[in-house]
Amino acid sequence: NPFHIITFMQSLVKDSILSYSLSNHRWVWDIEAVISTPIDKTALDLLARKFARLPDNTMGALKVLSCLGPKVDDALMAYLYTSPESRSEFITCLDLAVGEYILQKNGDGTYNFVHDMLKQLAYSVMSEEEKGKKHFWIGMQFIAHASVDTNEFNAITFSTVDQINSANSFGVTEEALHIKFAELNLKAGKISLDVSDFQSALSYMKAGTSLLNGWQDGQYYDLSLQLHESAALVSYLNTD
């Protein structure tokens with residue numbers, strides 16, 4: 001596995017077992033130390049040891065990143081960390097991870113994991129409760145710092161809804177939140193339907209219906225009806 005080999009070699013450099021000699025103009029190594037260094041059975045074992053050496057705040061930043069899409073740009077970071085101080089601290093953590101060959105920073109200022117395995121590991125080290133907390137916090141940050149019913153909010157509608165749905169209802173305890181998220185799922189579902197993405201549309205409609213469980217009648221009847229009718233339409237169009 002090339003990725004496994006590269007990661008192992010990087011760990012040797014990190015532990016000063018392998019280094020470049022400026023005087024000799026070549027790489028030098030301690031062969032006894034190399035032989036005594038355990039080679040993990042899988043790349044995940046090796047990466048787990050690498051993660052264990054990271055500072056807590058850097059590991060926390062990687063956990064947040066693992067909950068997001070393929071890349072994180074300045075706009076997303078501005079939604080999540082609204083103060084210059086908190087954003088600067090977050091970027092410092094990301095830059096440290098770049099130095100550890102866990103992340104890469106691109107020319108446009110975006111960050112991403114250098115390998116999907118790293119992203120999966122950063123996500124898997126969290127408990128289900130911690131995942132729920134992270135997704136819920138991210139979704140609420142998007143809602144709080146992007147004005148609803150504006151182009152700005154429309155641009156991150158899917159990101160917002162996906163985060164809330166990934167939280168698996170963690171933190172969604174108030175009636176107002178259930179209704180708000182059901183409405184957002186309806187909005188995301190309609191946008192997906194407009195572009196003939198029937199599978200995503202149905203997923204959003206079902207999530208919205210689930211969030212309305214217990215409030216289908218009374219003042220929320222119209223919302224419930226829209227979700228059910230839209231789900232039925234999408235199922236018909238998708239020959240489900």
Side-chain angles (χ1 to χ4, degrees), residues 1-131 133-135 137-138 141 159 163 166:
N1 186 321
F3 181 64
H4 192 176
I5 295 171
I6 292 170
T7 306
F8 178 67
M9 297 297 287
Q10 289 171 346
S11 72
L12 294 180
V13 173
K14 180 70 176 177
D15 294 336
S16 300
I17 296 172
L18 173 67
S19 60
Y20 188 78
S21 172
L22 293 176
S23 58
N24 296 324
H25 304 290
R26 67 182 182 87
W27 288 92
V28 295
W29 54 89
D30 181 344
I31 189 61
E32 296 299 326
V34 172
I35 293 172
S36 64
T37 300
I39 300 178
D40 299 271
K41 293 182 179 179
T42 68
L44 278 177
D45 294 330
L46 186 58
L47 294 172
R49 284 201 298 120
K50 189 172 191 175
F51 275 24
R53 294 199 297 258
L54 293 173
D56 290 343
N57 56 352
T58 300
M59 193 64 227
L62 292 177
K63 288 178 180 178
V64 171
L65 225 63
S66 73
C67 295
L68 299 167
K71 293 184 178 181
V72 175
D73 56 19
D74 288 337
L76 273 180
M77 286 189 277
Y79 287 128
L80 298 178
Y81 300 94
T82 54
S83 72
E85 295 79 13
S86 62
R87 191 153 59 251
S88 176
E89 181 180 345
F90 182 67
I91 292 173
T92 298
C93 291
L94 300 187
D95 288 338
L96 189 151
V98 171
E100 294 288 338
Y101 307 104
I102 294 171
L103 301 179
Q104 67 179 18
K105 186 174 184 179
N106 305 296
D108 57 1
T110 59
Y111 291 86
N112 62 271
F113 286 93
V114 299
H115 196 282
D116 285 343
M117 192 180 292
L118 288 161
K119 181 176 183 178
Q120 293 165 7
L121 181 60
Y123 192 73
S124 68
V125 298
M126 293 186 285
S127 65
E128 291 304 312
E129 181 179 355
E130 187 176 6
K131 290 174 185 174
K133 286 180 178 179
K134 283 282 190 294
H135 284 298
W137 174 76
I138 292 170
Q141 289 295 99
S159 296
Q163 290 296 326
S166 295

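The shortest non-hydrogen separation linking Y101 to V114 is O-CG2, 3.3 Å. When all heavy atoms of M126 and S66 are compared, the pair lying nearest together is CE-OG, 3.8 Å. The shortest heavy-atom contact between L76 and D73 is N-OD1, 2.9 Å.
With hydrogens and angles ignored, the 3.5 Å screen pairs no side-chain donor or acceptor of E100 with any backbone N or O of K50. Of the possible donor and acceptor atoms, none in the side chain of K105 sits under 3.5 Å from a partner among the backbone N and O of L94. A donor-acceptor pair under 3.5 Å is absent between the side-chain atoms of K119 and the main chain of N112, judged by distance alone. Formation of a donor-acceptor pair under 3.5 Å by the T110 side chain with backbone atoms of N106 is not found in this model.
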side-chain contact (heavy atoms from CB on, under 4.5 Å) evaluation trace for Y81 with I91
CA-CA 10 Å; Y81 300 94; I91 292 173; over 6 Å; no

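The shortest side-chain heavy-atom distance between L54 and I102 falls under the 4.5 Å cut-off. Inter-residue side-chain proximity for L118 and L62 is flagged as unmet; no heavy-atom pair is nearer than 4.5 Å. Side-chain atoms of L80 and R87, non-hydrogen and from C-beta on, never get closer than 4.5 Å to each other. For the pair K63 and E130, the minimum side-chain heavy-atom distance is below 4.5 Å. Residues W27 and V13 are in side-chain contact: their nearest non-hydrogen atoms beyond the backbone lie under 4.5 Å apart. No side-chain heavy atom of N57 sits less than 4.5 Å from a side-chain heavy atom of T92.
Side-chain rings of H135 and Y123 approach one another, their centers coming within less than 6.0 Å. Here W137 and Y79 keep their ring centres 6.0 angstrom or further from each other.
The CE atom of M77 sits 11.0 Å away from the OG atom of S88 when rounded to the nearest 0.5 Å.
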Mind listing the side-chain donor-acceptor pairs of residues 16-23 below 3.5 Å, one per line with the distance, residues two or more places apart or on another chain?
residue : atom : partner : partner atom : Å
Y20     : OH   : H25     : O            : 3.3
S21     : OG   : S23     : OG           : 3.1
S21     : OG   : N24     : N            : 3.1
S21     : OG   : N24     : ND2          : 3.3

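Contact check on K131 versus E128 returns a salt bridge, with a Lys/Arg side-chain nitrogen under 4.0 Å from an Asp/Glu carboxylate oxygen.
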